[in-house]
Amino acid sequence: MRFVLASQSPARLGVLRAAGIEPSVVVSGVDEDAVAAALPEPTPTELVTALAVAKVEAVLDTVAGIHADAVVVGCDSMLSLDGEMLGKPGTPEVARKRWAQLAGRTGDLLTGHAVVRLHSGEPVGRATGSHTTHVRFADPSPEEIDAYIATGEPLNVAGAFTLDGRGGWFVEGIDGDPSSVIGISLPLTRRLLAEVGVSVTDLWS
Ligand SMILES: Nc1nc2c(ncn2[C@H]2C[C@H](O)[C@@H](COP(=O)(O)OP(=O)(O)OP(=O)(O)O)O2)c(=O)[nH]1
């Protein structure tokens, strides 16, 4: 059975590879803003889960044509702070604004997950879930924030920080699953795979 990751995220791919899975990658290219706009006042959990579902559903036909027996996994991560859902900053200006909000505070990193099992090319099982990790941020100096932004790292990650990269210097601690902060919760994905009748150890490469 093939494990298919419906994500372009190098972070998710790295977490899975380190945990014994060699996924096939099929990028969904989903317009996340369009999916979010179509949701009537979603809760943060509903938002990240709906985005994960959209990413998986978008690649199912493609996957079915390549791997008749597969599990397809999609995720979406966002940082919830002061009731605002923060995705990837995209620009240094937005990243600086984000860190002005984050420094010395605690934010919730939410990652939504969707799993679909294909048998003979047909969906035979679906499972969804999300995980919230409380992230306690340090209070970096303006010079440190400028240096971090100058690396480009915070621009393309949810919440403008990484736990497993240079951002780790500015995370005092977390309460929850570290793999979920990076982009895919291993314990939650294990449970969702079990819901569709798949044992994660059977997928280890
Ligand atoms: N390495 C690392 N990456 C992180 C961390 N927190 C968030 N990210 C990354 C994971 C995802 O690639 C990205 C969150 O954006 P999305 O969930 O929309 O996924 P992305 O657009 O990257 O790819 P996808 O939509 O799944 O094809 O931020 C972290 O602590 N470490």
Side-chain angles (χ1 to χ4, degrees), residues 3-19 21 23-37 39 42 44-60 62-63 72-81 84-91 94-95 98-99 102 106-116 128-138 140 148-149 151-186 188-189:
F3 188 111
V4 178
L5 177 62
S7 176
Q8 64 81 33
S9 170
R12 295 188 174 116
L13 183 58
V15 167
L16 290 167
R17 281 178 168 163
I21 301 279
S24 297
V25 172
V26 179
V27 179
S28 73
V30 157
D31 179 344
E32 298 184 29
D33 293 338
V35 172
L39 298 172
T45 296
E46 288 168 344
L47 176 58
V48 295
T49 303
L51 286 166
V53 168
K55 294 177 186 181
V56 169
E57 296 296 329
V59 305
L60 281 187
T62 300
V63 174
V72 189
V73 179
C75 299
D76 190 76
S77 300
M78 297 184 85
L79 182 73
S80 175
L81 187 75
E84 195 182 352
M85 291 297 277
L86 306 173
K88 296 179 277 190
T91 67
V94 174
R98 292 280 164 76
W99 270 97
L102 296 179
T106 296
D108 289 341
L109 197 294
L110 282 75
T111 298
H113 299 64
V115 173
V116 174
T128 61
S130 70
H131 184 84
T132 299
T133 304
H134 306 302
V135 182
R136 293 190 308 282
F137 294 100
Y148 183 42
I149 291 170
T151 69
E153 180 184 283
L155 305 191
N156 297 305
V157 291
F161 80 100
T162 64
L163 182 63
D164 56 325
R166 288 181 173 84
W169 297 99
F170 310 124
V171 174
E172 292 291 354
I174 68 168
D175 177 6
D177 168 19
S179 57
S180 185
V181 177
I182 297 169
I184 180 167
S185 171
L186 294 175
L188 174 56
T189 302

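Every number for a ligand or one of its atoms is a count from 1 in the order of the listing.
Taking a cut-off of under 4.0 Å to the non-hydrogen atoms of E32, the atoms of ligand 1 that pass are 18 (O), 21 (O), 25 (O). Atoms of ligand 1 found under 4.0 Å from any heavy atom of L163, numbered from 1 in the order shown, are 29 (C), 30 (O), 31 (N). The ligand atoms of ligand 1 that sit less than 4.0 angstrom from a heavy atom of T162 are 2 (C), 29 (C), 30 (O), 31 (N). The contact set between ligand 1 and D76, taken as ligand atoms under 4.0 Å from a residue heavy atom, comprises 16 (P), 17 (O), 18 (O). Near K88, meaning under 4.0 Å from one of its heavy atoms, ligand 1 places the atoms 15 (O), 20 (P), 21 (O), 22 (O).
Closest protein heavy atom to atom 27 (O) of ligand 1: Q8 N, 2.9 Å. When hydrogens are left out, the protein atom nearest atom 17 (O) of ligand 1 is R12 NH2, 2.7 Å; that is the closest non-hydrogen contact. At the top of the distance list for atom 10 (C) of ligand 1, counting protein heavy atoms only, stands I182 O, 3.5 Å. Ranking protein heavy atoms by distance to atom 25 (O) of ligand 1, first place goes to K55 NZ, 2.8 Å. Given atom 12 (O) of ligand 1, the protein heavy atom at minimum distance is S9 OG, 2.8 Å. For atom 26 (O) of ligand 1, the nearest non-hydrogen atom of the protein is S7 OG, 2.7 Å. At the shortest separation from atom 6 (N) of ligand 1 among protein heavy atoms lies V181 O, 2.9 Å.
Ring centers of F161 and F137: under 6.0 Å apart, within the cut-off.
Here the straight-line distance linking atom CG of D108 with atom CG of D175 works out to 9.5 Å at 0.5 Å rounding.
Of the possible donor and acceptor atoms, none in the side chain of S28 sits under 3.5 Å from a partner among the backbone N and O of A6. A donor-acceptor contact shorter than 3.5 Å is absent between the side chain of K88 and the backbone of L155. Side chain of E153 to main chain of G165: no donor-acceptor pair is present (N/O by atom type, distance under 3.5 Å, no hydrogens or angles). Listed for the S179 side chain is a donor-acceptor partner under 3.5 Å among the backbone atoms of L186.
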### Task
Could you walk me through whether L5 and R12 pass side chain to side chain contact (heavy atoms under 4.5 Å, CB included), step by step?
CA-CA 8 Å; L5 177 62; R12 295 188 174 116; 4.0 Å; yes
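Donor-acceptor pairing under 3.5 Å is recorded for the side chains of S77 and T111. Checking T106 against R136 by side-chain atom types alone, no donor-acceptor pair falls below 3.5 Å. For the residue pair S185 and D177, a side-chain donor N or O sits within less than 3.5 Å of a side-chain acceptor on the partner.
Note: an N/O pair closer than 3.5 Å links D164 and ligand 1 by distance alone.
Ranked by closest heavy atom to atom 28 (O) of ligand 1, the top entry among A52, P10, A11, A158 is A158.
Neither the backbone nor the side chain of M78 has a heavy atom within less than 4.0 Å of ligand 1.
No heavy atom of G165 sits closer than 4.0 Å to any atom of ligand 1.
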